Each structure stands twice: as structure tokens, then as C-alpha cells.
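Please read all numbers here as calculations on a predicted model, not as lab measurements. Position 1 is the first residue of the sequence; numbering continues from there.
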Amino acid sequence: MSGSALRSVLNQLPARVAQELHQSDAFWRSLRWGQLPTPQWVSESADPLGSCDLDVLVAGGTLGLLPALDLQRQGWRVGLWERGMVQGRDQEWNISRHELAVLVELELLTAEELEAAIVTEFPAARIAFPGSAELWVEGILNIGISPRRLIATLLQHFREQGGQVFEQTAIDRVSVHPDGVVIGAGSQRWSGRLLLDALGHFSPIARQARAGAKPDAVCLVVGGCAQGFPASDRGDLFVSRSPIQQQRQSFWEAFPAAEGRTAYLFTYIDAQPARPSLRSLLEEYLAALPEYQGVDLRQLQWHRLLWGILPSYRQSPLQSPWNRILAIGDSSGAQSPLSFGGFGALLRHLERLCRGIHEALLADCLQAADLALLQPHQPNLAVTWLFQQSMTVPLDRSLPPERINELLGRIFAVMESLGPQTLRPFLQDVVQFQPLAKTLLMTTLLHPVLVAKLLPQLGLQPLLQWLPQFLQLSLYRSLAIAGEPTDWLKVCDRDRFRQRRRQEAWFYGSGCDYSVPLKSSVDRHRSIN
């Protein structure tokens, strides 16, 4: 039945969608079986270039456009490369106004242009697990941005500022020289002082830097956007409706959209061969969607099917082994294993990255050791691996069906009781020492039996890996408080560059960059009608 439902949905969409699904599944199968060849894009040469065409080369034109525009505005010569057209997708990016503010603060957009890119806004979203009270949160992922409108406006500004755009140009090689870096596409070549890799989760450059290593964890997500759902101006942020099945726990997320409603099914797994295909997960999604959303599939008019393979690596953010190459956004893995990454993860670090890249260019700090300071270790993301592992069911282990739902219900209830200063940052991929310590302590005191059951599930090694990160999170917080980032001067030498990067590492790595909006974000047992 579910297979026929998927065929019916695919029949409503362009023929290329089925082909793209087949290609994604082939990639996912090769990844699980360890059969993906390691790209060999990057080579090194001892020959100096003498001069460069540009200052900064940006590979990956969608999210790479954000730092490209900021650097162009600061007076650097920037080029942007994209294998297709530089344009946003149709499906909205969900985010909060609090996170979007950086686009106006950096003067990449006017407030009016940002408002024009917002196509949906809703008041609250739900967190719910079987057997636990529902929570409703405000101001989290409640804004739907049109990527097409946003990228079109940013691209116009980039061109007006003198930025060079190379569309329909697929980069296929990179050569690092003592005084620059060269990229090639077929018979064409361009040189620059620095290359920003914004090619995404499976960037060939990042895969080569990781020597083809399999991800340590994967969030597999499928979904779709359709019209015909029952009318609702509310969203679902993190919802479970079923127990552990087939050695994994499934979760739901849903948002109002300009073209109806978007609903996702996602699960945290490892990259083992026995894990499900994207197609089978889509079939599961369509089988469960009617009960979840209270709709008959035959009533829906589908605009899109969506899917993603979102990898996480313990060795993140990625620090390039080469001079003059810096991974940014999803290429760097600069998000927790709980996060989808993408737009929100880049926005959080956009100001820091753009400032750091600007100063690296000024001080000529473009060696691998210098650029590594722009993607430092972040304890506040590393500690979330324990949460990810608590939601992943190993293939060789049997857990009680309701174990994960019970655990999450208790933890979120504790965070809610501690107030928005605890729950809100966590939901936006920022973990801070004091809220985390209070949450763990209260959960242990209130639910000692549940915690005692969790410890054998996690195992000794993950706990031993987690404890130093937890202690480092406390240390980073103390260092961040003791040494606020210094004034950012236009003149920057190597020593200043390195000191500022250390201060930023403490500040961001402890979550001290996050400020909680004054308005309360949680209402419990509230009627949402």
C-alpha cells in the first residue's frame, strides 16, 4: 500500500523527481556500504602564481553567497561559482526572527528586503512525546523564508557591489600554491588568495580532507509540501507518535507553508548497511502521514517531495589540511549532530566568520594553522553527541519500545521547568554549561531509575568521551567571561588575529554568543485553538 502511495505522489510531480530519488538512494547505499570513492580534487604545487585574479573564490553559490557579499562589501575582490544557477529552492527555510537579525546588522539586506523574503509566520510550535505533557514554544523556527526571494536579492546586491558570478560552471579541481589557490572547470581556471568551500555536506573537498571517512552519525529526513491538509496556523517542532520500530526512533516536524503545509519525518541512525533506504523511509512517511495530520492522502495536492542525508562527524568543525582553503557552512560540519545544519547554522556564525576571514586576508594569515582558528573546536556542540546517541538505537542492541520517548519527555519537562534560558538555546543548537548542568542534575534527581537504565544503553566509552567535553564547556565559559572579545580594528597583524580567534572560540564554544529574547518561549498545558 505504501509503495503504491509513493508511486501516486511521484506521478503528481515532474519525472525528474523519481530519478533524483533514485540517484540519492544510490549515493546513500554506497555511503552505507563504504563504496564511495574518495575525491582527489585538491593537489599542491610548489610553483608560485605571482599574482591572483581575485582575493576570494567561493565554491557553492547558494549559502556561499552570504559571506561572498559581506567580503565584497568590505572591499575584497570576490568570485562565486555554482554548477547550476545561483538561486534558492522553492521550499521555505524555517528560522526565527532572532536569528535573521544578523542579515540586517551586517547590512546585507535592508529590513524591508528581509520582510519581503518572509512568506510565512506562525505563533507557536509543539514538542510532544507519548505519555508526556505537550509543550508549545514561541519564536523557534516560526518564520518561513523564501530562498528564491532571499537569494535573488542577495545576488543582485553582490553584482551591484562588483562581485563576479560564474553560473553553470562546475568546479572539478583545486591546486594550492605558496601564494594562492587555483580552481578549474574544464579548460577554464581562476586564481585567488583564498578558497571558501561552501559545497555542502558532501563537498568533494571536504570528503578528500576527511580521507573518505564514513560519518559517525546520520540524520535521515524525508518529507513533502502539499495542499489539502486541515487548516492550522501552528507547527510541530519535535514530535514523536510511535515507539522504537525497526531499530530506530522516528520523529516528526511540520510547518505552515506558502503552498500549504510541509511535514517531515526524521530519524537519528548510524551509516550501517542495514539502515533503510530513502525510498523505504518515504513509504513509511506516507503510510503514517494520514493519522499524524488527520488527512486522507487522496485529498492532497503535492508540490514537492523532500529528502536529505545529513551526516555528522565527531571531528568537526572540519579544519582543512591545506593552506588557503577554508570549509564553511555544511562543508565544515559546524553544527551539532542534532541539527539539520544549513541556513540557521551558517547564520549563527556568519558575523564571526566574515570578520575572521576579513582579518585573515588583511594579515595574510592564510596558512592551514591560521585558518583552523576560524573553525575551532566547540565544546557546546560536542557535548550534544550524548543526546544524539541516546536517540540512536544500535542495530545489535534491544531497547524497550518506549525508552527514547520516555527519556525525551522527562528531559524536555525538566528544561521547560528551568525556563526559556534553558530550553530556547537548546532548541536553536546552542548548549550552555549552567543550563545543561542544571538539566542533568534535575533529571537525575527526579528520575534516577530512568537515568540508571540509560547508562548501560550509552555504554562506558561514550560517557568517557563526553565528560572532558562537558568540563571543557565549563572552562570555555569561564574564559569567555574573563576575556570579552577585543575591539575589532581594521589593522590586524598575525598576533592580533590569533588572539581574537581564541577569544571567539571561547565565546562561541561556550554558547555565550546567544542571548535569550525577553519574551517567554514556553507555555505548558496551554490551549492552542
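- When the options F426, Y268, F412, W466 are evaluated for a ring-ring contact (aromatic ring centres under 6.0 Å, His included) with F387, the one that passes is F426.
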- Query: Can you list the steps and then say if L310 with F266 is a side chain to side chain contact (heavy atoms under 4.5 Å, CB included)?
  - Reply: CA-CA 10 Å; L310 311 178; F266 61 99; over 6 Å; no
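- Between R210 and S316, some side-chain heavy-atom pair lies under the 4.5 Å cut-off.
- Checking each of D236, L141, L265, V239 against E253 for a side-chain contact (heavy atoms from CB on, under 4.5 Å) leaves exactly one that passes, namely L141.
- T422 approaches P435 most closely through the heavy-atom pair OG1-CB, 3.7 Å.
- Side-chain contact check for R248 versus P276: some heavy-atom pair is nearer than 4.5 Å.
- A donor-acceptor contact under 3.5 angstrom links the side chains of S280 and S277, judged on distance only.
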- Message: Does F129 form a ring-ring contact (aromatic ring centres under 6.0 Å, His included) with F238? I'd like the steps, not just the answer.
- Response: CA-CA 8 Å; F129 306 98; F238 195 20; 5.4 Å; yes
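- Here the side chains of S331 and L318 are not in contact, with every heavy-atom distance at 4.5 Å or above.
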- Message: Walk me through whether T384 and Q388 qualify under side chain to side chain donor-acceptor pair (under 3.5 Å).
- Response: CA-CA 6 Å; T384 62; Q388 192 276 343; over 6 Å; no
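- Other residues, nucleotides and ligands contribute only 12 or fewer heavy atoms inside 6.0 Å of the CZ atom of R83.
- Here the two rings, on Y285 and W252, have centers that are under 6.0 Å apart.
- The shortest side-chain heavy-atom distance between P311 and F202 falls under the 4.5 Å cut-off.
- For the residue pair S240 / Q249, a side-chain donor-acceptor distance below 3.5 Å is found, with atom types taken as modelled.
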- Message: Would E406 and K453 count as a salt bridge (Lys or Arg N to Asp or Glu O under 4.0 Å) here? Give the steps.
- Response: CA-CA 11 Å; E406 183 183 8; K453 292 177 180 177; 5.7 Å; no
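- Enclosure of atom CD in Q315 is not indicated, since only 12 or fewer non-hydrogen atoms of other residues, nucleotides or ligands lie within 6.0 angstrom.
- No side-chain N or O of Q428 forms a donor-acceptor pair with one of H98 less than 3.5 Å apart.
- In the displayed structure, K438 atom NZ is contacted under 6.0 Å by at most 12 heavy atoms of other residues, nucleotides or ligands.
- Residues Q299 and D296 bring no donor and acceptor atom of their side chains to less than 3.5 Å of each other.
- A donor-acceptor pair shorter than 3.5 Å can be found between the side chains of T120 and E92.
- Remark: Q35 CD is packed, more than 12 non-hydrogen atoms of other residues, nucleotides or ligands lying under 6.0 Å away.
- Between V393 and R275, the shortest heavy-atom distance links the atoms O-NH2, 2.8 Å.
- No more than 12 heavy atoms of other residues, nucleotides or ligands shown are found within 6.0 angstrom of CD on Q461.
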- Between F433 and L475, is a side chain to side chain contact (heavy atoms under 4.5 Å, CB included) present by the stated rule, with each step listed? CA-CA 9 Å; F433 176 74; L475 175 62; over 6 Å; no
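- The shortest side-chain heavy-atom distance between L427 and I127 falls under the 4.5 Å cut-off.
- Two residues are said to be in side-chain contact when any heavy atoms from C-beta on lie closer than 4.5 Å; L350 and P67 meet this criterion.
- Looking at heavy atoms from C-beta onward, L371 lies out of side-chain contact with I325 at the 4.5 angstrom threshold.
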- Check the pair L199, I171 against side chain to side chain contact (heavy atoms under 4.5 Å, CB included), reporting the backbone distance first and the verdict last. CA-CA 10 Å; L199 292 171; I171 296 170; 5.8 Å; no
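- Smallest separation of non-hydrogen atoms from C225 and Q91: CB-OE1, 3.4 Å.
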- Stepwise, does the side chain to side chain donor-acceptor pair (under 3.5 Å) test hold for E504 with H349? CA-CA 10 Å; E504 287 175 337; H349 296 277; over 6 Å; no
- Message: Between D513 and R348, is the salt bridge (Lys or Arg N to Asp or Glu O under 4.0 Å) condition met? List the steps.
- Response: CA-CA 9 Å; D513 61 298; R348 183 190 166 209; 2.8 Å; yes
- Test log, rule side chain to side chain contact (heavy atoms under 4.5 Å, CB included), inputs R304 and L13: CA-CA 7 Å; R304 285 175 292 282; L13 300 171; 5.6 Å; no
